[in-house]
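A quick write-up on the structure given underneath.
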Amino acid sequence: MTRIAVEGQAKRTSPAERGTVNLHVAFSGTLRNDVVERVARTHTILVDQAKAHVASGAAEKWDSASVHSYVYDDRVKDSGSGGKQRIRRFRASARLSVTFSDFEVLSTWLADIMDVEGVEIDWLNWTLTDETRKALQAEARVEAAGETVTRAQSYADALGLGPVAPVAIYEAGLRGGNDGGNTPMYAMRAGAMAAPGGGGAQVELQPRDIDVEITLSADYEAGPAAQG
């Protein structure tokens, strides 16, 4: 009886279904109250817009759970003495993320907020819905498992061992030792390019397709005992 260890991989690709914009509002100045007020006012406007997009169905959800403020010293040149003097400054910021299902509305909103003072767009994250992701994972698992059978049987045929019988199958990271331990069970990759659209009314978005990948390893046995 011979044990054969093999690996199976499969990938499914789908267009992005959700786009999450992550941004923050930040202001700094010498007056603490003024800085905080400007951040709060701008952030409130953006939150109200996010709520409106969710209510209209263009966005799925919004989140704002991060607010920061700190004090720092800025050294500036003193026009009188020619040296540098230390000025105490205050900085405050607040983050916001909004997940859109309507990419056209997302594009328009990005164009609008890019012109708002104090607003900085950090990144866009493209994802699938949980339902789609799980369905693609299920399909990929079946294909990856089937590939392990094909590979194991190929080795067995080459060695004249006859049909193979499954002993164990492992999702990546679950096999003991180093075999398969460093490969993720699945990976999701997506990218996008954002550039000013015609007339400044929109930001041109080009979300790439998202890959859902599965990697499995499996042990098979072949030979007289396996066939019996």
Side-chain angles (χ1 to χ4, degrees), residues 10-29 34-70 91-141 143 184-214:
K11 180 174 71 174
R12 292 291 184 274
T13 302
S14 175
E17 297 175 304
R18 297 292 183 270
T20 300
V21 56
N22 298 271
L23 58 86
H24 70 276
V25 179
F27 286 100
S28 60
D34 179 60
V35 169
V36 172
E37 181 182 350
R38 295 179 73 187
V39 169
R41 182 170 60 250
T42 304
H43 187 258
T44 297
I45 293 174
L46 295 178
V47 168
D48 288 343
Q49 293 175 354
K51 290 179 178 179
H53 288 314
V54 171
S56 70
E60 189 174 77
K61 61 181 179 179
W62 67 275
D63 178 75
S64 178
S66 178
V67 178
H68 299 282
S69 64
Y70 59 91
R91 181 175 177 86
S93 64
R95 294 192 174 276
L96 174 67
S97 67
V98 188
T99 299
F100 285 82
S101 55
D102 188 325
F103 293 168
E104 184 175 350
V105 174
L106 168 59
S107 175
T108 301
W109 191 59
L110 286 176
D112 291 340
I113 65 177
M114 285 174 68
D115 292 331
V116 178
E117 183 182 3
V119 176
E120 295 186 23
I121 299 171
D122 298 318
W123 71 89
L124 286 173
N125 185 37
W126 303 102
T127 57
L128 302 172
T129 62
D130 288 342
E131 181 180 10
T132 298
R133 176 176 53 83
K134 291 177 180 178
L136 295 178
Q137 286 176 343
E139 292 179 8
R141 287 190 188 102
E143 182 178 333
M185 174 184 165
Y186 67 89
M188 296 184 65
R189 301 192 301 270
M193 178 184 73
Q202 288 187 326
V203 172
E204 183 181 354
L205 301 177
Q206 295 179 335
R208 298 174 185 168
D209 290 345
I210 295 176
D211 292 336
V212 177
E213 299 180 70
I214 294 289

Nearest heavy-atom approach of W126 to A16 is CB-CB, 3.9 Å
Under 4.5 Å between any side-chain heavy atoms of F27 and E117, yes or no?
yes
Could you tell me whether F100 and W62 have their ring centroids closer than 6.0 angstrom?
no
Let me confirm one number: the NZ-CZ distance from K134 to R141, rounded to the nearest 0.5 Å.
10.0 Å
With sequence neighbours excluded, residues passing side chain to side chain donor-acceptor pair (under 3.5 Å) with S97
none
Between T42 (side chain only) and R38 (backbone N and O only), is there a donor and an acceptor less than 3.5 Å apart?
yes
Are side-chain heavy atoms of W109 and V98 found at a separation under 4.5 Å?
yes
Could you state the interatomic distance from CZ (R133) to CD (E131), rounded to the nearest 0.5 Å?
11.5 Å
Is the closest basic N to carboxylate O distance between E143 and K11 below 4.0 Å?
no
Indicate yes or no: at least one non-hydrogen side-chain atom of S69 is less than 4.5 angstrom from one of R91.
no
Mind checking salt bridge (Lys or Arg N to Asp or Glu O under 4.0 Å) for E60 and listing every partner two or more places apart, or none if nothing turns up?
R18
Please give me the minimum heavy-atom distance between A92 and V35, naming the atom from each residue.
N-CG1, 3.6 Å
Do NZ/NE/NH1/NH2 and the carboxylate oxygens of D122 and R95 come within less than 4.0 Å?
yes
Given L124, which of N22, L110, L23 fulfils the side chain to side chain contact (heavy atoms under 4.5 Å, CB included) condition?
L110
What's the spacing between I113 CD1 and I121 CD1 if we round to 0.5 Å?
4.5 Å
L128 versus P15, closest heavy-atom pair with distance:
CD2-O, 3.2 Å
With the side chain counted from C-beta on, respond yes when V67 and S93 share a heavy-atom pair under 4.5 Å apart, and no when they do not.
no
Are R41 and T44 close enough that some pair of their side-chain heavy atoms sits under 4.5 Å apart?
no
Backbone of H53 reached by a side-chain donor or acceptor of S56 within 3.5 Å:
yes
Of all heavy-atom pairs between I214 and A140, which one has the smallest distance, and what is that distance?
CG1-CB, 3.4 Å
Using 0.5 Å steps for rounding, measure from the OG atom of S14 to the CD1 atom of I210.
7.0 Å
Please report the closest heavy-atom contact between H43 and L96, naming both atoms and the distance.
NE2-CB, 4.2 Å
Could you check whether any side-chain heavy atom of M114 comes within less than 4.5 Å of a side-chain heavy atom of V119, counting everything from C-beta outward?
no
T13 and D209: side chain donor to acceptor below 3.5 Å:
no
Does either side chain, that of E17 or that of T132, offer a donor lying less than 3.5 Å from an acceptor on the other one?
yes
